[in-house]
Amino acid sequence: MMVTIGLKDIIFLCFCAIIHLTYRRYKRRVLPLPPSLPGWPIVGNAFQLPLTYVHIFYQDLERKLGSKIMYVESLGQPTIVINDARIASDLLEKRSAFYSSRPRLPMFEVIGLTRIFFVILPHDDDWRNQRRVFHQYFSKKDLPREEEKALAFIRKALLPNLYQTPENFRDHARECIGGLALSITYGIPVNRNNDPLIKLAAEAFLAAGMAIAPGVYWVNKFPFLKHVPGWLPGTQFKQFARHARVQLNRIVEEPYQMAQKDIKDSTAPESFVSASLENYKNSPDFELFQSHIKNAASQVFGAASETTLTALMSFILAMLIYPEIQRKAQEEVDLVVGTDRLPDFSHRSQLPYLTAVLKEVLRWNPVLPTGVAHVTTVEDVYAGYYIPKGATIIANAYAMLHDEEVFPNPKEFDPDRFIKDGVLVEDILDPMVTATFGFGRRVCPGAHVALATLYIAAASILSMFDISPVLDENNNPIKVKPEFIAASLASEPLPFPCKITPRHGKDIDGLLAGNMGVEIL
Ligand code: HEM
């Protein structure tokens, strides 16, 4: 059927367009932006925004401006900061169709790898396809498969290593979590100690985390800096970017090629890569999906390692600083598990105090305190405020989880916020569900895997070891102040001394029988 458009229709369309444009201009002129710091002409607030502890700066800004939704601008780039979980949910979840893209990351452009990791992809088809591939494998109903692997890595790698060389606890935690991520993703053999891919990944993903973090690099604030020649003073970020490109390319390619070889040789156990390739092998778009699978795999490896490690290190730090809470959690584990077995996943639902401890770990030191920024794809109005199209949205998980009205005395580590008379309370914001893992369509799709890993690591450590302060030369315990990395996406605790010793009355050799001496997992 032919549709003819007459002059009347054209006039009507023009009329609608004029009304629409006038309304947009009206909104922009009449509606205020959210409360903001006064900025300078052209640069806006660029010089007022810090490069470190950005989440704390925005928490303080809330007090100055008296608002949990704020506006800052850097060289014309608008940013909306949200310090409240309900507002974040109203925008990032209820209006997720328009709040789910990602901002440009000039530092990643300098590195030259903007299309690989789907955490930084805009809200487009490549992102949709990679996220779909991810969900198909890591669905909640398949969690027992990941739990089994996590149990094996904790028992065969983390616990024996902590028993043999406890002073290297941070390296052991990194190797166990990294190895687990490598194994889940690629199914390739992993060395219990000094695996070269885990070492490479730690460096490469730290570099990626710094390139994504809202502070850290001036080029993310002043994108024109990426055109400045690398020989000029002050452009070390360009050398850093070259180095990061090589490392990130290697971490995308090397484990994937190893997995493919094992699949060809039929020696590969099931993994995200092998199952996903099998799943798409008859698809007419197989080649396209092969590249999605390779990229999504490096994303899984990266997203799972640094984050879960940060949560585990926060747990160890909290147990060190709050020994009475550690004792209470150990008593619960002993009561449920007994002293002659190791915890497994069947005990999880019977350990409410440990669950409260882990919620408090995620609240006390949010793993990604400023989350991962979203970006708006249309202009919008919220609570009478104008939200521009293309605005960066920072959902400040730290401010939400340290809100004094919800969590009195927020710097104190206190699991009793989440438990009353031995029962988990339900009428409080739950860090296992809200803020920690982000919001809306971009919410972390691996949260269930992360929580399972954190649970089994924490329960196993509590059941076997005491975490206590190192003694100084006068035999006095060294007091550790909780301090966290200032300039990265993940808030990893800074190195701290601590003693990890077998618990009195536990037959550690008996408990670990069959798990010791496994060098390749
Ligand atoms: C304690 C550990 C973890 C924390 C705190 C965490 C947190 C987050 C956060 C805040 C985001 C961004 C959400 C948003 O944009 O609103 C994210 C994204 C993501 N996470 Fe996690 N995560 C953790 C572990 C994991 C694990 C174990 C996996 C994989 C098995 C994973 C896979 C991903 C992926 C693939 C994305 C990108 C999602 C997208 O952009 O669509 N994460 N995570």
Side-chain angles (χ1 to χ4, degrees), residues 55 82 85 88-89 91-93 96 99-103 105 116-124 126-135 137-140 142-143 145-147 149-150 173 177-178 180-186 205 208-209 212-213 271-272 292 295-315 358-359 361-363 365-375 392-398 400-401 431-455 457-458 489-492:
H55 49 289
I82 301 171
S89 161
L91 297 179
L92 303 180
E93 282 164 4
S96 63
Y99 280 81
S100 296
S101 206
R102 295 287 194 210
L105 290 166
I116 288 188
F117 300 102
F118 78 83
V119 68
I120 60 169
L121 286 182
H123 193 210
D124 62 9
D126 281 357
W127 167 76
R128 259 176 225 103
N129 283 326
Q130 292 192 36
R131 190 146 173 139
R132 188 177 320 129
V133 172
F134 182 98
H135 276 305
Y137 187 72
F138 290 108
S139 71
K140 286 200 179 135
D142 290 323
L143 183 61
R145 184 190 55 211
E146 268 63 66
E147 289 179 343
K149 276 217 167 146
I177 300 295
L180 173 61
L182 202 53
S183 174
I184 286 176
T185 312
Y186 298 99
F205 293 135
I212 299 176
S271 68
F272 168 72
H292 285 326
N295 290 347
S298 58
Q299 176 62 80
V300 176
F301 184 23
S305 325
E306 281 306 306
T307 49
T308 314
L309 174 71
T310 295
L312 182 54
M313 293 316 294
S314 303
F315 165 77
L358 296 180
K359 285 180 199 278
V361 165
L362 298 173
R363 187 206 67 78
N365 177 36
V367 171
L368 303 178
T370 47
V372 180
H374 291 214
V375 93
T392 299
I393 308 285
I394 295 184
N396 188 353
Y398 179 87
M400 295 173 202
L401 297 169
M432 285 187 174
V433 178
T434 305
T436 305
F437 294 101
F439 292 90
R441 291 188 190 181
R442 305 301 291 245
V443 72
C444 174
H448 54 300
V449 179
L451 292 175
T453 310
L454 187 58
Y455 156 73
L489 197 63
S491 173
E492 199 179 320

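Model, not experiment: these values are computed from the prediction. Ligands are counted one by one from 1 in listed order, and the atoms in each one are counted from 1 as well.
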For the 3.5 Å polar cut-off, considering only N or O atoms, please tell me whether Trp127 and ligand 1 meet it.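 Between Trp127 and ligand 1, an N or O pair is found under 3.5 Å apart.
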Exercise. Using distance alone, decide if ligand 1 has a nitrogen or oxygen within less than 3.5 Å of any nitrogen or oxygen in His374.
Key: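 By distance alone, the answer is yes.
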**Prompt:** Counting only protein atoms, how many N/O/S atoms are less than 2.8 Å away from atom 21 (Fe) of ligand 1?
**Reply:**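 My tally for this metal is 1.
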Considering heavy atoms of the protein only, find what lies nearest to [atom] and give residue, atom and distance to 0.1 Å.
atom: atom 12 (C) of ligand 1; answer: Val372 CG2, 3.5 Å
atom: atom 35 (C) of ligand 1; answer: Phe118 CZ, 3.3 Å
atom: atom 5 (C) of ligand 1; answer: Val367 CB, 3.5 Å

Quick check on contacts: which atoms of ligand 1 are under 4.0 angstrom from a heavy atom of [X]?
X: Phe439; value: 16 (O)
X: Thr436; value: 5 (C), 7 (C), 10 (C)
X: Arg131; value: 38 (C), 39 (C), 41 (O)
X: Gln299; value: 35 (C)

With a 4.5 Å limit on heavy-atom distance, are the side chains of [X] and [Y] in contact?
X: Gln130; Y: Leu121; result: yes
X: Arg442; Y: Arg102; result: yes
X: Val300; Y: Phe138; result: yes
X: Ser298; Y: Phe118; result: no
X: Lys140; Y: Leu143; result: no
X: Leu362; Y: Leu454; result: yes
X: Glu146; Y: Phe272; result: no
X: Tyr455; Y: Glu147; result: no

If we set the cut-off at 4.0 Å for heavy atoms, which region of Arg442 has an atom near ligand 1: side chain, backbone, both, or neither?
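Both of them.
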Going from CG on Leu180 to OG1 on Thr185, what distance comes out if it is rounded to the nearest 0.5 angstrom?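 It comes to 8.5 Å.
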Q) Atom NE2 of His292 and atom CZ of Phe134: how far apart are they, to the nearest 0.5 Å? A)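 These two atoms lie 16.0 Å from each other.
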| field | Close approach, Arg102 and ligand 1, non-hydrogen under 4.0 angstrom | value |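 Per 4.0 Å heavy-atom rule, Arg102 contacts ligand 1.
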Which one of Tyr99, Phe138, Phe134 has a non-hydrogen atom at the shortest distance from atom 29 (C) of ligand 1?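 Selected option, by shortest heavy-atom distance: Phe134.
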Single hit among Thr310, Asn365, Val361 for side-chain contact (heavy atoms from CB on, under 4.5 Å) with Phe315
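For Phe315, the side-chain contact (heavy atoms from CB on, under 4.5 Å) check succeeds only for Val361.
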Please state whether the rings of Phe301 and Phe205 are parallel, tilted or perpendicular, taking 30° and 60° as the class boundaries.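 Phe301 and Phe205: perpendicular rings.
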